[in-house]
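For reference, the structure is listed below as structure tokens.
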Amino acid sequence: MSPLALSGTPLASGEAGVPVVPTAVDGVFSLLWLVVALPALGALVLLVGGRRTDRWGHLLGCAMPIGSFLLALVMFVQLLGRDHEDRQVAQTLWTWLDVGDYTVQMGLLFDPLSALFVLLITGVGSLIHIYSVGYMAHDDRRRRFFGYLNLFVTAMLVLVLADDYLAVFLGWEGVGLASYLLIGFWAHKDSAATAANKAFVVNRVGDLGMSLAVMLMVATFGTSSFVGVSAGMPETSEAVATVLGLLLLLAACGKSAQVPLQSWLLDAMEGPTPVSALIHAATMVTAGVYLVVRSNFVYELAPVAQTAVVIVGLVTLLVGAVIGCAKDDIKKALAGSTMSQIGYMMLAAGIGPAGYAFAIFHLLTHGFFKANMFLGAGSVMHATNDDVDMRHYGALRKAAPITFATFAFGYLAIIGFPGFSGFFSKDHIIEAAFGENWVYGVGALLGAGITAFYMTRVMLMTFFGERRWRPDVHPHESPAVMTTPLVVLAAGSLVGGVLILGDWIVEWLEPVVGPEEHHELFVPAIVLTGLIVLTVLAGVAVAWSRYGPSQTIADTAPTRVSAATRAARADLYGDALNEAVFMRPGQKLTAALVYVDDVLIDGTVNALAALVGGTSGTARRLQTGFVRSYALTMLGGALLAIAATLAVTLS
Amino acid sequence: MSFPWLSVIAALPLIGAVALALAPRSRRIAAPLALAVSVLALALGLVAALTQFDPGGGFQLTEQHVWIASLGAYYAMGVDGIGLTLVLLTLVLTPIVILASWHDGDEGRWSTNAFFAWILALEGLAVGVFAATDVFLFYVLFEATLVPIYFLIGGFGGARRNYAAVKFLLFSLLGGLLMLASVVGLYVVAADNGGPTYLLSELSQLPMDETTGRWLFLGFFIAFAVKAPMFPVHTWLPDAAQAATPGTSVLLVSILDKIGTFGMIRFCLGLFPEASQWASPVIIVLAVVSVLYGALLAIGQDDMRRLIAYTSVSHFGFIVLGIFVFTSQGGSGSTLYMFNHGMSTAALFLVTGMLIHRHGSARISDYGGVQRSAPVLAGFFLVAGLSSLSLPGLSPFVSEFLVLAGTFRRSEVAAVAAVLGIVLAALYILLMYKRTMNGPVRDSLPATRDLGTRERLALAPLIAVIVVLGFFPQVLLDVIDPAVGATLDVVGVEQPAPDVMVSEGSLP
Amino acid sequence: MNTEHYLTLSALLFTIGATGVLVRRNAIVVFMSVELMLNATNLAFVSFSRAHGQLDGQVAAFFVMVVAAAEVVVGLAIIVAIFRSRRSASVDDASLLKY
């Protein structure tokens, strides 16, 4: 075995996570492939069909995810009707790879976890498709936009439905590609093209973790299927589990924009706003959380990796919140908030069985209210000639009342206003954090306060106060095709909390993540809830005092600000760090290597050629053309030959 | 006497080449005739592969005739899964290259007829190389392929084509010389052991002492490393790719260079198993260096053709890595990689060639915003680029992952180092794509004409194969895997077993 | 009758011929020197033939004579041709065939 071999004593199998043991598909589930195939077909037709599909492309683009959603809904209801232990069904489509002792089946796994994701992706996805019909109405490349969106939905569905890590990786990079294409949709803008590249490359760094994790699985188990890995985990060593956990965490960090791979998300706001809502808020960026929860059978055996997940989540939730406070660009403020909220989910997922269900719960509610707010922001931009600077907004609540009302629902949900969905989901995460370790709890609580601050700031700067509109801006409400999805999502933001009624989601996810472990708190839960609400109110109050209707908001961002604000505006120097540590040394290395290749390696080759050429050039001077010198040479040669012969005969 | 499929497939393009050379000089006739011949060869190849080939059956479609009795040289042809894959690669790519290079032969030093005749000659010789099961025959054909490609580069390239052609020829001849020494050595060893023979099947049974085996191995390996090309003997490739026409570059990189890696599997592993094991640590290091070095240099290039050449150095690093880790995933992955790399690099060379042809510059910094005026070109460019960076869903991903997974089982360090190559791949492809296709349209750049029907027809099959094999690689892997298994049996290295055995068939 | 005398004479003639080839520039003189060398060899051949009582040497000598005759024909023709075009019979003037 090689020196890096990860050996050690096998873990006791008692503390293992939940193995994946699906049953074969039957009934309506045998149409599972169609859920993925529909949007795939849409993408194919729209992207290959070209301009011929321009006229009806957006309709087809909407129909496909809606069809998938309806199909998934039927299956979800079917699954509800089943017993706990029968709630994992798998469909094997074809053999992707079969090389030596390693086989990968292209298969789909529909279980409580993926069911929720499929509904979120196709449900929120369909709404955003519909919204985009209005949002992109004036773009002559709308058909292509819908092609990309369908491609994204396909890849995301593959990601959450695949039953093998390698197939997950297919979806994983697929969503990366769709994200790349959509961020760079307006590729004629240099900033958009650069942001797209950045997103892809940073994601690739995370993908290193994913590919190495799959390689480690192949080396350790000879398979990378959920079934095989989850069955084999208890027999392996903690070292393997820890390394696997950390590699998967690296992958999750890339996709979910967690520290240290967070830098791409803010730039990704260059994409059209529906993209930000669908990909960079509701679905794709939560893939990291999905991966951690799905791999619970890995993390349960790797406490070190779990702690790492928690720390990443905690750091990101604070970093994201701080960045969100300093942004004047409404989309970037929301992007910071997305990072922060996903930090919460990672935190919960890292806690283990006490947190898995709440991570997914928060993921779902966040999917609603964040998509809602991003679409709302899009509606605001629609009203203000695509201005994103909140300092140019103000008092928009009268001009765009539906947008305002729906945005307010999202706002109340994200800050955790009692009764709204975010209240329940965040409350449970903070509780679970306190149950695990008071440091985690305090961090999460602090994050809730900052969230309340920056979201109130966004709300006040956009919809309240004085008009600060540019002269040529005449704000108006968006058309119904855009506001209807907003209303639906707003309703979701309000009532999403029902999922937790009677611990429904906890029990629902039990076949995947195991029963919830409840930690005893040092105070009664109701006291903690009160504390959270107080913190939130404090955040709102601070924001009100600084950005309330009575305050004047400068037209341009003040430049004389504290070091902390400057740091937050610069995304806490994440980009500066990347540039200093990776980009510039990388550029120097590349330039140096180009020099080495040209001068040293190719130079050696050319020098050899020159040496041979030069030697011949000198040697040919012996050919003088004078007969006598040739004759002399011949004589010399003859004498030499005679001398040699004599020397041999005489010796 | 069965039908000599392989000889016919190899001879057909050669006859076509002679016919073209004798035919009246005409731009109108040359390309269609060449296309017809190459399509016919492809059809024959497909028929042979589908009806006459049994994946598990070792060497098939064999032919054997005594050639030079005193040397023990035979005219012996035959393919296993590895050889068949590469023969098919050659047969598929040649018609595409001809279609894409329709007018490239018009402005050369010689006539259009000559251009297409050399292409056909190259096709026939390449098929012969991949099908030869006699070392002497292989050597002769291996050297013979240099002739057409030398004239293709030197006769029909751009500026500095003479320099590039001579450089290529000298590198190849140097490698070929070392190989010749080893071929002679094999004769001596065989003659000492009961009579000269060059038949692969008989040579692999020869008892060979350790030192001799290692020296002979080195001769073969260095020749193949130059051909492949591996760091540090790669510098001829960027120059050749820069000077040659796109079609020539495809033939050179996608087909001819595969002879190097093919030879490593067939001859280095097959004839010198002990020496292969002995050398593998050094070769693995060199391969990983190639992967990273090629990728970093690709990032630093401004000429698109040089950039693609350096990406190939990186990709060949992966292929060699997979061969010398001696695992079934590594070996099968490498063989599949040869096919996939042939496809994806061909797409990339051809599409950049079409772009370069439109504006006369290969410098990335001369372009910008091309996707506005030529969306189809940009689309093909993107898919070709994505396949080069091994995006899952496109065929190169499967092979690259298999190589890496196979490497990981043998050496975690090598796998971790090589996997960095995939991040660098994203950088070199996406930076090139962004600088040429995206961003604001350059003022100095006239609008780009989008791809015409002929160009789309040339690229579409490539893209289709890349996508289909991304999801159904098993079509080829079924053919490759048994042959790689047989080769690994010869090497005799035990594949590392998984630490934990998971019972199969848990899925209902 | 001593073979050595003949051989010494042969060596002397050969040396004189060789020196002539090396130091003289007139093509005709060079040519005559070459002839001298050839004849020196012939002398050696014949001497050896006599000494060993075999005819091989004499056959060789005849062979050399025939070749020399042919050579004279070609050589003189070239010299005359060069002289006609250059008005010179110096071998140093005909030095075009060089690097």
Side-chain angles (χ1 to χ4, degrees), chain A residues 1-2 4 21-24 90 92 94-102 105-107 166 169-170 172-174 177 184 187-190 193-194 197 200-201 204-205 207-208 211-212 214-216 218-223 227-228 231-232 235-236 240 589-591 593-594 597 601-602 605 609, chain B residues 167 170 232 235 293 296-297 299-301 327-329 332-333 369 371-372 376 386 391-393 398 401-402 404-405 408-413 415-416 419-420 422-423 426-427 430-431 434 437-441 471-474 477-478 481 485 495-503 506-508:
Chain A
M1 287 244 46
S2 46
L4 253 191
V21 190
T23 51
T92 303
W94 73 85
T95 304
W96 193 14
L97 295 176
D98 180 9
V99 178
D101 52 357
Y102 178 52
Q105 301 289 344
M106 200 57 106
L166 195 66
F169 193 52
L170 171 66
W172 193 263
E173 288 236 319
L177 168 68
H188 52 93
K189 287 197 295 183
D190 203 37
T194 309
N197 269 14
F200 197 94
V201 172
R204 268 260 154 152
V205 176
D207 293 348
L208 285 187
S211 22
L212 283 172
V214 183
M215 288 174 215
L216 181 55
V218 177
T220 315
F221 308 109
T223 175
V227 174
E235 325 246 323
T236 185
V240 171
L589 176 67
T590 312
L593 280 183
V594 170
D597 201 55
I601 296 183
D602 207 26
V605 173
Chain B
K167 192 170 182 177
L170 286 178
T235 50
Y293 186 84
L296 281 169
L297 274 163
I299 295 172
Q301 301 301 317
T327 54
S328 55
Q329 284 87 30
S332 296
Q371 55 99 14
R372 284 299 268 186
V376 178
L386 291 173
L391 188 87
V398 177
F401 177 77
L402 282 175
L404 285 168
F408 195 90
R409 301 181 92 160
R410 186 68 63 194
S411 154
E412 289 94 341
V413 182
V416 170
V419 85
L420 292 175
I422 72 168
V423 176
L427 273 173
L430 293 183
L431 282 178
K434 188 204 125 184
M437 297 291 143
N438 286 351
V441 182
F471 289 94
F472 304 96
Q474 201 56 33
L477 284 172
D478 276 337
D481 204 32
Q495 167 136 335
D499 301 343
V500 179
M501 285 313 288
V502 181
S503 60
S506 324
L507 266 178

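In what follows, chains carry the letters A, B, and so on, assigned in the order in which the sequence lines appear, proteins first and then strands, with residues in each chain numbered from 1.
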Practice prompt. Give the minimum heavy-atom separation between A/Leu589 and B/Leu296, together with the two atoms involved.
Written response: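 In terms of heavy atoms, the two residues are closest at CD2-CD1, 3.7 Å.
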Specify which of [options] makes the most heavy-atom pairs with chain A at under 4.5 Å.
| options | result |
| --- | --- |
| B/Pro473, B/Gly393, B/Gly485, B/Ala405 | B/Pro473 |
| B/Gly333, B/Ser332, B/Ala426, B/Pro232 | B/Ala426 |
| B/Val376, B/Leu402, B/Leu170, B/Thr327 | B/Leu402 |
| B/Asp478, B/Val441, B/Val398 | B/Val398 |

Which bit of [X] is near chain B, if near means a heavy-atom gap under 4.5 Å: side chain, backbone, both or neither?
| X | value |
| --- | --- |
| A/Trp94 | side chain |
| A/Val594 | both |
| A/Leu177 | side chain |

Worksheet entry | Pairwise distance CD(B/Gln371) to NE2(A/His188) - rounded to 0.5 angstrom |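 The distance works out to 8.0 Å.
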Discussion item. Between B/Gln329 (side chain only) and A/Val99 (backbone N and O only), is there a donor and an acceptor less than 3.5 Å apart?
Written reply: yes
Practice prompt. Check whether any side-chain heavy atom of A/Leu208 sits under 4.5 Å from a side-chain heavy atom of B/Ile422, and report yes or no.
Written response: yes
Discussion item. Taking every non-hydrogen pair under 4.5 Å, which of A/Leu166, A/Asn197, A/Val218 racks up the most with chain B?
Written reply: A/Asn197
Worksheet item: What residue, out of A/Thr95, A/Val214, A/Asp207, has the most heavy-atom pairs lying under 4.5 Å from chain B?
Response: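 Option with the top pair count is A/Val214.
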